[in-house]
Amino acid sequence: MAYKNYILVCAGTACESSKGIALYKELEKELAAQGVDAEAQLVKTGCFGFCEQGPIVKILPDESFYVKVGPEHAKEIVSEHIVKGRKVEALLYDKEQQDQKADEIDFYQKQQRIVLRNCGVINPEYIDEYIARDGYAALEKVLFEMTPDKVIEELKDSGLRGRGGAGFPTGLKWSFTKNTDSEQKYIVCNADEGDPGAYMDRSTAEGDPHSILEAMAIAGHTVGANQGYIYIRAEYPLAIERLNNAIDQAREYGLLGDNILGTDFSFDIELRLGAGAFVCGEETALLASIEGKRGMPIPRPPFPAVKGLWGKPTVTNNVETYANIPMIILKGSAWFSSIGTASTKGTKVFALTGKINNSGLIEVPMGTTLREIIYDIGGGISGGKKFKAAQTGGPSGGVLTEEFLDTPIDYESLQSIGSMMGSGGMIVMDEDDCMIDVTKFYLEFSVDESCGKCAPCRIGSRTCYNILDKFSKGQGTMEDIDSLKELAQAMRKASLCGLGQCTPNPIMSTLNYFEDEYMAHIKDKCCPAGKCKDLLAYTVVEDKCIGCTACARVCPVNCISGEVKGVHLIDQDQCIKCGQCFDKCKFDAILKG
Amino acid sequence: MAKMTLEELRNLRESKKKEMVQRDGDEKSAQIIIGMGTCGIAAGAKEAFDAFLDELNSHEIKDTRITQTGCMGLCFSEPTVEVAVPGMPRVIYGNVTDKVARRIVREHIIEKALVSDHIFDKPAADIIK
Ligand SMILES: Cc1cc2nc3c(=O)[nH]c(=O)nc-3n(C[C@H](O)[C@H](O)[C@H](O)COP(=O)(O)O)c2cc1C
């Protein structure tokens with residue numbers, strides 16, 4: 001027989017440290033003592049996020065959510081909630097919760113899933129499950145109840161802005177294409193997703209492919225296009241498979257192809273596979289690549305919305321932008337624009353990675369703060385380390401430091417502090433990460449990915465990289481800082497596309513917020529985080545070493561010598577600075593610095 | 001199915017909606033839904049899938065459906081699996097290895113108890129009702 005109640009005790013690492021386990025044991029005792037251990041099952045759970053309020057107890061099936069529960073509360077929870085069926089009001093997170101129905105309770109959940117509404121809910125390989133969750137109802141509405149102008153008006157009113165990075169208003173973009181006369185127009189979906197650490201678009205295409213197809217068909221009807229292309233990297237085989245499968249099913253149902261739902265509107269979609277070049281995510285390079293040419297950007301204007309694929313007007317939007325659209329059509333612009341901040345409406349999907357306990361794919365309303373993302377949803381920094389910075393916008397973005405933990409996130413706020421929204425990668429860094437090292441990583445990426453067409457990007461990014469490399473080796477000078485600033489200025493002004501224009505962003509951002517770290521590398525020839533190997537030396541502290549030989553045994557290159565019970569010595573010429581001796585020594589006898 | 005008209009699409013939607021509601025409220029059959037995005041698969045979702053199948057077969061359980069879905073977003077606890085057993089709250093399990101999958105069949109599906117240490121929370125409320 002099933003139990004009547006299930007008591008879930010959060011035993012994630014964060015709560016564990018704040019006495020989740022003691023609470024668990026106490027509850028176990030109380031259930032037995034009060035003779036209800038057959039009625040309620042006590043269960044340990046993984047981290048719920050929300051750790052500042054921990055330990056957390058959730059009781060199913062009524063979903064009561066108790067916060068800051070200590071072992072001393074166990075007795076009351078059991079006697080009141082389990083035995084008498086009454087909630088312990090003092091411990092409820094939201095005191096008004098008792099009047100609400102279970103499934104309306106989402107107050108503690110900081111996430112809101114619009115783009116990801118079906119991800120993890122439906123089987124992405126069955127069109128019927130998408131249809132059952134109001135799928136293709138927006139297309140229906142657009143075909144039978146709305147004029148194209150009304151659709152554009154609705155998008156404009158909703159405040160939806162492009163999620164591919166630049167944040168251009170989607171309704172406005174569509175109106176340019178609609179208002180340009182042409183026999184032939186195209187709809188393109190940008191699923192290139194080249195930022196390191198980003199996988200939002202892949203997950204959407206894998207988990208809910210039809211939402212993209214439906215939105216593209218809506219775009220086609222609105223602007224007068226009959227052909228769509230999804231440009232996706234070949235490195236995403238599963239997403240490609242699911243999209244192709246979805247296209248086949250939609251065609252079979254007559255939701256793509258000729259005379260959709262018996263109307264005179266015809267629209268079809270094909271995939272175009274990219275080889276994984278970052279620059280091919282830039283829209284003009286992307287269109288060139290679809291045309292079968294080498295993916296290199298061309299100057300804008302004219303913008304693709306007016307003169308795009310094969311010279312025809314072309315709507316180019318990002319996966320996430322599209323995935324929002326069916327919901328906006330169905331629920332209305334007023335609903336959508338009620339979510340978010342003054343300048344930025346709706347939600348944003350982030351791929352939360354790095355030194356964070358609960359890495360994951362999250363969707364939050366615009367205006368959510370970094371603190372809520374990192375601590376409430378992400379469960380805090382792993383290993384109990386100190387937060388240093390979060391990187392957004394990838395190779396085109398910058399860092400958000402501790403002082404901005406409480407800044408509501410939107411396009412403008414991020415830009416004003418020298419970062420950008422980007423496509424949604426968010427990499428969390430702790431005290432062990434060196435900002436020079438991180439910046440060098442992004443520059444190396446940009447050097448590799450520069451298409452080479454324009455000199456400012458091709459030569460500028462390499463020159464910047466070389467300077468950063470000097471810093472990491474302790475060979476930098478103050479003049480180098482000035483050169484970096486000049487180079488950044490030139491690249492921003494003279495590069496042909498966003499790649500070159502934004503390549504200096506990671507440098508300028510870290511230079512701004514972590515100047516002292518740059519100075520340490522230049523003036524003191526030291527790397528405070530201990531990441532830059534050339535500036536690092538491990539030495540034995542003579543009066544602490546007891547000669548246990550643990551370090552010598554763990555050293556992979558056998559460069560530590562010494563007698564048993566005698567002071568050991570590290571041969572600096574042989575040392576590869578792996579740090580294993582440092583980690584192994586129990587007597588703090590190895591100095592890192 | 002041939003190409004649909006507006007009416008046919010609407011009818012299909014209604015009938016599928018009912019089917020899903022019915023399935024959720026079904027008194028007999030349980031559902032196991034496995035997150036099978038790239039991340040889930042990389043973390044071993046296919047092995048979990050096989051283990052569920054094998055364990056159900058060896059206990060001759062025939063009324064439990066195994067299906068797949070996309071990414072639930074809990075990357076740190078992949079593979080993730082949602083389990084719905086009639087008369088019990090729907091829950092999400094994380095870090096579902098081969099072993100855990102077999103435990104879920106034995107403890108949750110058969111014995112009707114939740115499997116400790118592997119339960120995680122749903123990330124957000126559903127906006128589609
Ligand atoms: C170097 C570079 C890479 C880009 N990569 C992507 C990408 O991977 N995905 C994407 O949607 N947009 C990318 N963009 C932005 C696109 O050029 C374009 O703005 C976007 O696809 C427009 O769609 P949206 O308005 O829906 O955001 C990139 C831009 C640049 C300059």
Side-chain angles (χ1 to χ4, degrees), chain A residues 1-3 6 8 11 41 43-49 58 60-61 103-104 106 109 111-114 116-125 128-129 131-134 136-137 140 144 199 202-203 206-208 236 238-239 252-255 257 259 261-262 327 357-363, chain B residues 1-6 8-10 12-21 33 35-39 41 67-78 80 82 85-95 111-129:
Chain A
M1 253 316 284
Y3 293 89
Y6 301 88
L8 309 188
Q41 188 195 359
V43 187
K44 278 186 219 161
T45 74
C47 181
F48 274 54
K58 189 169 173 176
L60 296 178
D103 54 353
E104 285 166 5
D106 61 342
Q109 286 170 319
Q111 298 199 54
Q112 183 169 12
R113 295 186 136 209
I114 299 174
L116 301 175
R117 61 192 176 276
N118 289 322
C119 280
V121 178
I122 63 169
N123 185 334
E125 295 185 359
D128 288 0
E129 295 202 5
I131 290 175
R133 286 177 54 85
D134 294 337
Y136 290 103
E140 228 181 88
F144 295 96
Y199 52 92
R202 184 193 73 203
S203 300
E206 284 176 1
D208 194 16
Y236 283 180
L238 187 63
E252 208 182 297
Y253 275 13
L255 296 165
N259 302 103
L261 293 175
M327 280 297 110
N357 279 320
N358 303 349
S359 59
L361 190 72
I362 63 162
E363 181 172 354
Chain B
M1 156 107 34
K3 291 194 171 187
M4 292 192 291
T5 60
L6 175 61
E8 283 165 340
L9 175 61
R10 286 185 174 162
L12 178 72
R13 184 175 301 116
E14 282 319 304
S15 76
K16 289 290 161 191
K17 261 188 191 170
K18 273 199 203 113
E19 221 173 84
M20 278 173 103
V21 172
I33 306 160
M36 293 257 224
T38 295
C39 41
I41 291 171
T67 60
Q68 64 162 344
T69 186
C71 169
M72 299 184 205
L74 305 168
C75 311
F76 66 103
S77 68
E78 293 292 342
T80 42
E82 185 169 1
V85 170
M88 288 175 73
R90 286 177 91 105
V91 291
I92 292 182
Y93 288 110
N95 302 319
E111 291 166 20
K112 308 268 186 278
L114 302 183
V115 179
S116 205
D117 286 321
H118 287 275
I119 293 199
F120 285 85
D121 203 18
K122 265 200 170 136
D126 193 359
I127 63 160
I128 295 177
K129 284 279 148 61

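So you know, we letter chains A, B, ... as the sequences are listed, proteins then strands, and number each from 1.
In terms of heavy atoms, A:Pro124 sits closest to B:Gln68 at CD-O, 4.1 Å. Listed here is the closest heavy atom pair of A:Val43 and B:Leu114: CG2-CB, 3.8 Å.
Only the backbone of B:Leu74 comes within contact range of chain A, judged by heavy atoms closer than 4.5 Å. For chain B, the nearby parts of A:Tyr136 are the backbone and the side chain; heavy atoms of each come within less than 4.5 Å. Interface residue B:Thr38: backbone and side-chain heavy atoms are both found under 4.5 Å from chain A. Using a 4.5 Å cut-off between heavy atoms, A:Leu8 touches chain B through its side chain atoms alone. Only the side chain of B:Glu82 comes within contact range of chain A, judged by heavy atoms closer than 4.5 Å. Using a 4.5 Å cut-off between heavy atoms, B:Ile92 does not touch chain A at all. In this structure, the portion of B:Val115 lying under 4.5 Å from any heavy atom of chain A is its backbone and not its side chain. Both the backbone and the side chain of A:Ala137 have a heavy atom closer than 4.5 Å to some heavy atom of chain B. Heavy-atom distances place the side chain of A:Leu255, and not its backbone, under 4.5 Å from chain B.
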### Task
Determine, step by step, whether A:Ile131 and B:Lys17 satisfy the side chain to side chain contact (heavy atoms under 4.5 Å, CB included) criterion, reporting the C-alpha distance in whole Å, the side-chain angles of both residues, the deciding distance to 0.1 Å, and the verdict.
CA-CA 8 Å; A:Ile131 290 175; B:Lys17 261 188 191 170; over 6 Å; no

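Side chain of A:Thr45 to backbone of B:Phe120: no donor-acceptor contact under 3.5 angstrom is found. Counting only distance, with no hydrogens or angles, the side chain of B:Ser116 and the backbone of A:Lys44 share a donor-acceptor pair below 3.5 Å.
With sequence neighbours excluded, the residues that form a ring pair (Phe, Tyr, Trp, His ring centres under 6.0 Å) with B:Tyr93 are B:His108. Evaluation of the salt bridge (Lys or Arg N to Asp or Glu O under 4.0 Å) rule for A:Glu206 yields A:Arg202 as partners, not counting sequence neighbours.
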